[in-house]
Amino acid sequence: MPDNAQGLNMKCSTWRDQKDFNIASVQMQDLAKCMAADCVQSLENVGCRFTDANRLCYTLVGQGWCTEHVGHPQCNDLGVAVMPAPVGTSSWAPIEDQAFFGTAAGEPHYGCACMKRCSYSSGSKKFLCATG
């Protein structure tokens with residue numbers, strides 16, 4: 001895969017590049033930000049069908065390249081079902097069982113959730129979610 005097609009969003013690049021050097025709490029914060037960005041992308045037309053080896057979503061350029069090179073070793077294909085409707089069922093899910101790296105290795109695993117159709121209100125410190 002050419003370098004110009006391997007794009008991850010900035011939040012996921014930060015987690016991938018820094019996870020071996022950060023303490024556990026920073027690894028968790030960085031992955032939460034990454035998964036939040038991937039969650040939003042999974043609901044957009046770009047989708048999150050193709051990921052890197054860490055299961056981080058490629059951006060539009062990487063999705064396009066992998067679509068043209070299905071089966072390439074750097075294109076982990078989560079399948080059409082993870083694409084937003086009407087193509088798929090928006091069944092993408094964040095990383096739910098992640099080990100720690102570096103000095104935090106060996107601590108209990110952690111994971112993320114994708115709260116679709118929700119937004120966080122920092123003023124009230126609550127999630128506001130649409131129904132239906």
Side-chain angles (χ1 to χ4, degrees):
M1 174 185 280
D3 288 341
N4 64 349
Q6 294 187 38
L8 297 175
N9 67 61
M10 187 177 295
K11 292 171 177 39
C12 290
S13 293
T14 296
W15 178 80
R16 179 200 61 203
D17 297 342
Q18 298 297 316
K19 67 183 189 280
D20 291 321
F21 310 105
N22 286 332
I23 61 174
S25 62
V26 175
Q27 289 182 48
M28 289 172 45
Q29 289 171 4
D30 286 348
L31 186 62
K33 291 174 184 175
C34 166
M35 289 292 97
D38 280 0
C39 180
V40 169
Q41 180 178 316
S42 77
L43 298 171
E44 296 172 342
N45 288 339
V46 174
C48 188
R49 177 177 174 177
F50 296 101
T51 69
D52 72 354
N54 293 302
R55 230 185 117 240
L56 308 177
C57 300
Y58 285 125
T59 58
L60 178 62
V61 174
Q63 295 293 326
W65 193 89
C66 287
T67 298
E68 294 173 4
H69 300 87
V70 173
H72 190 280
Q74 289 181 292
C75 298
N76 297 299
D77 189 350
L78 301 181
V80 176
V82 301
M83 295 298 293
V87 177
T89 59
S90 296
S91 63
W92 176 87
I95 296 172
E96 296 173 343
D97 184 26
Q98 179 60 56
F100 284 100
F101 294 89
T103 59
E107 291 192 27
H109 290 196
Y110 65 105
C112 296
C114 181
M115 298 177 67
K116 298 176 182 180
R117 295 182 290 182
C118 295
S119 62
Y120 182 72
S121 170
S122 58
S124 64
K125 297 184 179 179
K126 294 182 181 179
F127 285 96
L128 307 171
C129 300
T131 58

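With a 4.5 Å cut-off between side-chain heavy atoms of Ile, Leu, Val, Met, Phe, Trp and Tyr, the cluster of V26 takes in I23.
The distance from the CG atom of N22 to the CG atom of L31 is 12.0 Å, given to the nearest 0.5 Å. Going from atom SG of C34 over to atom CD of Q27 covers 12.5 Å, rounded to the nearest 0.5 Å.
Ring geometry for H72 against H69 counts as perpendicular: the plane angle is over 60°, on a 0 to 90° scale with 30° as the lower cut.
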Result block: side-chain N/O donor-acceptor pairs under 3.5 angstrom for residues 35-52, not counting sequence neighbours:
from : atom 1 : to  : atom 2 : distance (Å)
D38  : OD1    : N9  : ND2    : 3.0
D38  : OD2    : C57 : N      : 3.0
Q41  : NE2    : G47 : O      : 2.8
Q41  : NE2    : Y58 : O      : 2.7
S42  : OG     : C39 : O      : 2.6
R49  : NE     : D77 : OD1    : 2.8
R49  : NE     : D77 : OD2    : 3.4
R49  : NH2    : D77 : OD2    : 2.9
D52  : OD1    : N54 : N      : 2.9
D52  : OD1    : R55 : N      : 3.2
D52  : OD1    : L56 : N      : 2.9

Show me the donor-acceptor pairs within less than 3.5 Å that the side chains of residues 79-108 make with the rest of the protein, sequence neighbours left out.
from : atom 1 : to   : atom 2 : distance (Å)
T89  : OG1    : A81  : O      : 3.1
S91  : OG     : A81  : O      : 3.2
D97  : OD1    : H109 : ND1    : 2.7

